[in-house]
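Because only heavy atoms are used, hydrogens play no part in the values below, and waters and symmetry mates are left out as well, while side chains stay in. Residue numbers count from 1 along this sequence. In this text, all values refer to a predicted model and were calculated from it rather than measured experimentally.
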Amino acid sequence: MANKVLTVSNLTKKYKQRTAVDNVSFDVYEGEIFGLLGPNGAGKTTIIKMITGLAKITSGDITICGYSVKSNFEKAIMNVGAIIETPTLYSYMSGKQNLKYYANLYKGISKQRIDEVIELVGLKDRINDKVKSYSLGMRQRIGIAQALLHNPKILILDEPTNGLDPNGILEMRHFLKKIAKSNKISILVSSHILSEMELLCNTVAIIDNGQLKQIRSIGQVARTAKKKIAIKVNYPNFAGKLLMNKFGFNVELAGSNVICDVEESKIPQITQFLISKNIPIFGINTVTQSLEQMFLDIVNNDNKFGDNL
């Protein structure tokens with residue numbers, strides 16, 4: 001089993017009478033991409049700020065590579081690279097000049113290490129261009145290169161795809177997966193974009209109103225996701241009403257499809273009924289519940305899909 005890189009234990013943050021983070025616990029393992037998923041204001045950034053020492057812990061603790069953030073902050077933070085909000089870069093300097101500048105803030109970072117992170121983030125061909133000529137995605141990559149200079153064990157990114165176009169998001173996703181796998185770097189990433197987290201992360205922790213609602217591996221999401229039946233017909237509204245009246249299950253409409261909240265075993269019974277009502281059927285598919293739908297069920301209905309991992 002992979003080593004634990006980050007352990008968050010009963011973490012709480014209070015601002016006077018308001019509890020921003022309420023008794024949150026989770027672990028991040030070597031080479032894992034772990035997502036903090038939740039709406040804006042859920043407490044994700046506050047958790048990241050406590051991990052990186054930018055906010056004081058009210059109660060609980062955080063250990064990074066075995067070192068407590070509360071009692072041994074310097075040794076703990078040596079293992080962390082982070083970008084919170086947007087990376088700080090000097091636009092009048094080249095990408096390489098920015099990296100050299102930040103390398104001087106650490107001890108013992110060689111020219112070879114600078115070249116390694118440039119290669120790692122895929123900016124070798126543009127590294128001598130001024131940062132002001134970079135796209136937002138390239139700026140994010142230089143920021144990540146900066147965060148990786150001291151060879152940390154965990155990279156922490158707060159909303160890294162904010163402002164990126166679809167191509168930029170795709171490139172960022174592939175890049176983060178690559179460095180997690182090839183360099184065995186753990187990545188803790190926060191986002192409110194559910195579809196992106198589903199494609200990027202190995203594990204997601206769902207946070208809402210400062211509370212940890214559930215931790216699930218993406219594999220577990222796939223295994224336990226609800227499945228529904230989508231039936232393509234000419235008159236979906238009419239067909240949906242007939243099916244609700246006859247069988248009593250929930251029905252949704254999606255274009256020309258009637259989405260039935262039933263198991264696959266009910267397909268023969270449903271098709272036979274629709275045919276008896278002279279409603280032509282043009283296709284039947286199984287629709288799997290997305291992470292977004294699961295998230296809404298958990299947050300809005302507090303519906304639990306099995307035990308936490």
Side-chain angles (χ1 to χ4, degrees), residues 33 35 37-40 42 159 161-174 176-177 189 191-208 213-309:
I33 303 179
L37 174 63
N40 292 328
E159 301 274 2
T161 59
N162 261 5
L164 297 181
D165 60 24
N167 284 336
I169 291 172
L170 180 65
E171 288 176 2
M172 181 63 68
R173 184 198 312 148
H174 288 168
L176 293 176
K177 284 186 170 184
V189 57
S191 182
H192 63 280
I193 305 172
L194 296 98
S195 57
E196 184 55 34
M197 295 288 267
E198 190 169 13
L199 294 170
L200 174 64
C201 298
N202 306 110
T203 308
V204 290
I206 296 173
I207 309 289
D208 189 50
K213 295 295 184 180
Q214 200 167 113
I215 299 175
R216 301 181 71 79
S217 72
I218 293 301
Q220 189 187 31
V221 169
R223 289 193 304 271
T224 61
K226 291 179 179 179
K227 291 181 172 61
K228 298 180 182 181
I229 306 302
I231 306 167
K232 188 174 182 179
V233 294
N234 265 343
Y235 305 104
N237 191 49
F238 177 60
K241 287 179 180 178
L242 287 176
L243 289 170
M244 280 196 298
N245 291 336
K246 174 67 175 178
F247 299 105
F249 50 66
N250 291 327
V251 168
E252 304 166 40
L253 302 181
S256 58
N257 288 291
V258 180
I259 313 296
C260 304
D261 191 5
V262 292
E263 298 176 356
E264 286 181 281
S265 61
K266 297 292 185 182
I267 290 176
Q269 191 177 0
I270 291 170
T271 54
Q272 186 177 11
F273 172 73
L274 290 176
I275 290 169
S276 74
K277 298 296 182 181
N278 297 317
I279 297 176
I281 298 171
F282 297 95
I284 299 176
N285 295 299
T286 301
V287 180
T288 303
Q289 182 188 40
S290 68
L291 177 60
E292 183 169 6
Q293 291 167 323
M294 185 174 287
F295 172 84
L296 291 172
D297 281 342
I298 292 169
V299 171
N300 295 335
N301 303 319
D302 203 25
N303 187 11
K304 305 299 182 184
F305 292 88
D307 295 331
N308 289 356
L309 294 180

- [ ] Report yes or no: does K177 contribute a side-chain atom to a donor-acceptor pair with the main-chain N or O of L199 at less than 3.5 Å?
- [x] yes
TODO: Starting at OG of S256, measure out to CG of N237 and round the result to the nearest 0.5 Å.
DONE: 13.0 Å
Task: Minimum heavy-atom distance V251-G240, with the two atoms named - done: CG1-CA, 3.9 Å
Open item on the list: Could you report the tightest heavy-atom contact between V233 and P280, atom names first, then the distance?
Closed with: CG1-O, 3.6 Å
Task: Interatomic distance, Q214 atom CD to L37 atom CG [nearest 0.5 angstrom] - done: 11.5 Å
- [ ] Of all the heavy-atom pairs spanning G35 and M197, show the shortest one and how long it is.
- [x] CA-CE, 3.3 Å
Task: Exercise: identify the closest heavy-atom pair between A230 and I259 - done: CB-CD1, 3.5 Å
- [ ] Would you give the length of the straight line joining atom CG of L274 to atom NZ of K246, rounded to the nearest 0.5 angstrom?
- [x] 11.5 Å
Open item on the list: Within the structure provided, determine whether V204 and I215 are in side-chain contact (heavy-atom separation under 4.5 Å).
Closed with: no
Open item on the list: Please find the pair of heavy atoms, one from E159 and one from N40, that lie closest to each other, and give the distance.
Closed with: OE2-OD1, 4.0 Å
Open item on the list: With a 6.0 Å cut-off (strictly less than), is the heavy-atom count around CZ of F238, excluding the residue itself, greater than 12?
Closed with: no
TODO: Return yes if some donor-acceptor pair links the side-chain N/O of D261 with the main-chain N/O of N250 below 3.5 Å, else return no.
DONE: no
- [ ] Apply the side-chain contact (heavy atoms from CB on, under 4.5 Å) test between L200 and each candidate in R173, H174, M172; give the one that qualifies.
- [x] R173
Task: Straight-line distance of T271 OG1 to I279 CD1, nearest 0.5 Å - done: 12.0 Å
Open item on the list: Using side chain to side chain contact (heavy atoms under 4.5 Å, CB included), reason through C201 and V189 one step at a time and then give a plain yes or no.
Closed with: CA-CA 8 Å; C201 298; V189 57; 3.9 Å; yes
Task: Test log, rule side chain to side chain contact (heavy atoms under 4.5 Å, CB included), inputs Q272 and Q269 - done: CA-CA 5 Å; Q272 186 177 11; Q269 191 177 0; 5.7 Å; no
TODO: Working to the nearest 0.5 Å, report the span between CG of N257 and CZ of F282.
DONE: 11.5 Å
TODO: Give, for atom CD1 of I281 and atom CD1 of I270, the distance between the pair rounded to the nearest 0.5 Å.
DONE: 9.0 Å
- [ ] For side chain to side chain contact (heavy atoms under 4.5 Å, CB included), just list the numbers for V262 and K228, CA-CA rounded to whole Å, side-chain angles, deciding distance to a tenth of an Å, and then say yes or no.
- [x] CA-CA 6 Å; V262 292; K228 298 180 182 181; over 6 Å; no
Task: Minimal non-hydrogen separation, L243 against C260, with atom names - done: CD1-SG, 3.8 Å
